[in-house]
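Structure first, then comments.
Along the sequence shown, residues carry numbers from 1.
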Amino acid sequence: MQIPQTTIGSPVHAIGLGVHTAVNARLTLRPAAADTGIRFVRTDVDMQPVRVSPAAISDTFLASTIGNTQGSIQTIEHLLAALWGTGIDNALVEIHGPEVPILDGSSAPFVELIRSAGYRAQRKSRRFIRIDRPVRVEDGEAYAELKPHDGFRSSYTYVVDHPVINRFPTKLELDFGEADFERDVSMARTFGLLDDLPKAQAIGKCMASSEANAVGIDDDGIINAEGLRCDDEFVKHKLLDAMGDLYQLGYQVVGEFVGYMSGHTLNNRLVRALLDDPTAWSFETRQDVPLPGRAAFLS
Ligand SMILES: [Zn+2]
């Protein structure tokens with residue numbers, strides 16, 4: 001069947017701290033015309049909107065940053081994952097400030113925001129990127145891969161030699177024939193080692209990290225009083241990040257993602273490598289298998 005492109009029903013707002021900059025920024029999501037994709041713009045500087053694409057990503061250190069010569073917006077990945085997971089093809093993301101609010105460190109508040117805006121089906125058919133041939137990028141032991149698959153499934157492995165992280169599942173496999181982004185992925189929060197925080201803050205990163213927006217880990221355990229939201233929250237968040245980074249493509253992927261210790265840099269290299277090889281993918285508009293962003297057009 002053909003599925004209509006979807007935008008949000010009305011503008012919605014959120015205000016919150018950027019986790020890296022510690023700047024309180026206002027986020028506005030606005031409906032956008034068919035075929036215009038997800039575009040980001042800062043409203044506190046003179047800037048033209050930038051359409052999301054792998055080439056528009058200007059920095060991948062600890063977060064994915066989109067920008068042009070006029071300005072940049074940090075930490076777009078959790079919002080992008082939510083836009084994919086709710087099936088939004090077209091939206092204008094306005095940020096009054098340098099960074100997307102971190103909110104609770106997961107994608108769940110963005111999903112809620114999008115749901116509260118409602119959905120509007122548009123007159124053009126949604127286009128998907130179908131993976132026709134495997135594409136793989138590596139960095140030492142780490143790798144990220146896209147492979148052909150009729151649907152979307154993903155596998156992520158996160159192995160770190162740490163006494164606390166080692167207690168929890170290191171591998172997650174999800175097939176979105178059954179899995180649901182909102183139910184199974186969106187709530188996983190970002191996390192970090194307390195020992196790493198001074199180093200990050202010395203270079204101006206993670207300036208607003210707290211138990212309100214991240215899971216903190218020391219040598220004895222989880223410092224957050226409420227603990228983890230699910231046993232596999234760490235590896236699940238890494239998959240959430242990867243889905244946000246894959247949506248830099250601006251189209252839902254029909255295929256399989258496999259990540260082994262991949263982060264924003266490798267994920268961005270993967271989507272660039274995919275687009276660089278025109279034999280590895282094709283556009284399609286027919287789609288008969290369940291995908292992560294199916295909820296919007298069914299509701
Ligand atoms: Zn993240």
Basic-acidic side-chain contact under 4.0 Å: E173, R153: no
Under 4.5 Å between side-chain heavy atoms, hopping through other hydrophobics if needed: is there a path connecting [X] to [Y]?
X: F61; Y: V23; answer: no
X: V19; Y: I76; answer: no
X: I66; Y: L83; answer: yes
X: V50; Y: L27; answer: yes

Is there a donor-acceptor pair under 3.5 Å between the side chain of [X] and the backbone N or O of [Y]?
X: N90; Y: A32; result: no
X: R126; Y: G87; result: yes
X: H96; Y: R26; result: no
X: Y119; Y: I114; result: no
X: D132; Y: T279; result: no
X: S106; Y: S186; result: yes
X: D180; Y: R183; result: yes
X: R130; Y: F283; result: no
X: N213; Y: S210; result: yes
X: N268; Y: P54; result: yes

Can you list the other members of the hydrophobic cluster that holds L17, where links are side-chain heavy atoms under 4.5 angstrom apart? none
Regarding R136 and the six-membered ring of Y143, is the cationic atom NZ or CZ under 6.0 Å from the ring centre and inside 45° of its axis? yes
Could you work out, with side chain to side chain donor-acceptor pair (under 3.5 Å) as the rule, every residue matching [X], not counting sequence neighbours?
X: H20; result: none
X: S72; result: none
X: D218; result: none

Find the distance between [atom1] ([X]) and [atom2] ([Y]) and round it off to the nearest 0.5 Å.
X: I57; Y: Q248; atom1: CD1; atom2: CD; answer: 4.0 Å
X: D184; Y: K236; atom1: CG; atom2: NZ; answer: 5.5 Å
X: L239; Y: L246; atom1: CG; atom2: CG; answer: 9.0 Å
X: Q252; Y: F176; atom1: CD; atom2: CZ; answer: 11.0 Å
X: M261; Y: Y156; atom1: CE; atom2: OH; answer: 6.0 Å
X: W84; Y: L79; atom1: CH2; atom2: CG; answer: 14.5 Å

For [X], all residues meeting side-chain contact (heavy atoms from CB on, under 4.5 Å), sequence neighbours excluded:
X: H264; result: T60, S64, E77, D241, D245
X: P31; result: T7, I8, P11, R120
X: A200; result: K205, C206
X: A242; result: F257, N267

Do [X] and [Y] pair up side chain to side chain, a donor and an acceptor below 3.5 Å, judged on atom types alone?
X: T75; Y: E99; value: yes
X: T28; Y: H13; value: yes
X: N68; Y: Q48; value: no

Do other residues, nucleotides or ligands put more than 12 heavy atoms under 6.0 Å from the [atom1] atom of [X]?
X: Q2; atom1: CD; value: yes
X: R167; atom1: CZ; value: yes
X: E112; atom1: CD; value: no
X: N166; atom1: CG; value: yes

Stepwise side-chain contact (heavy atoms from CB on, under 4.5 Å) test for D175 and H149: CA-CA 10 Å; D175 186 330; H149 173 65; 4.2 Å; yes
Please report the shortest heavy-atom distance between [X] and [Y], naming the atom on each side.
X: A25; Y: G97; value: CB-CA, 4.1 Å
X: A22; Y: M207; value: CB-CB, 3.9 Å
X: D89; Y: P4; value: OD2-O, 4.2 Å
X: F152; Y: V253; value: CD1-O, 3.7 Å
X: Y247; Y: I88; value: OH-O, 2.6 Å
X: V235; Y: P169; value: CG1-O, 3.8 Å

side-chain contact (heavy atoms from CB on, under 4.5 Å), that's the test. Do E145 and Y260 meet it? Break it down for me. CA-CA 9 Å; E145 203 170 11; Y260 182 88; over 6 Å; no
Could you tell me which residues satisfy salt bridge (charged side-chain N to carboxylate O under 4.0 Å, His left out) with D104, sequence neighbours excluded, listed by chain and number?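 Salt bridge (charged side-chain N to carboxylate O under 4.0 Å, His left out) check on D104 returns R229.
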Does R269 have any salt bridge (charged side-chain N to carboxylate O under 4.0 Å, His left out) partners at least two apart in sequence or in another chain, and if so, which? none
L80 vs V52, side-chain contact (heavy atoms from CB on, under 4.5 Å): CA-CA, chis, key distance, verdict: CA-CA 9 Å; L80 278 182; V52 77; 4.0 Å; yes
Is there any side-chain hydrogen bond (donor to acceptor under 3.5 Å, both in side chains) pair reaching into residues 29-41, and which pairs are they, with sequence neighbours excluded? Q5-D35, R30-E94, D35-K124
Sorted by first residue and then second, give each side-chain hydrogen bond (donor to acceptor under 3.5 Å, both in side chains) pair with at least one member in residues 190-199; sequence neighbours left out. none
How far apart are the C-alpha atoms of R133 and D277, what are their side-chain angles, what is the distance that settles it, and do they pass the side-chain contact (heavy atoms from CB on, under 4.5 Å) test? CA-CA 9 Å; R133 279 185 12 180; D277 181 354; 3.6 Å; yes
Run the ring-centre check on Y158 versus F191 and record whether the distance is less than 6.0 Å.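 Close enough - the centres of the two rings lie under 6.0 Å apart.
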Decide if the gap between the ring center of W281 and the ring center of F128 is smaller than 6.0 angstrom.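 Centroid distance W281-F128: not below 6.0 Å, so no.
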So F234 and F168, would you call those rings parallel, tilted or perpendicular, with 30° and 60° as cut-offs? perpendicular
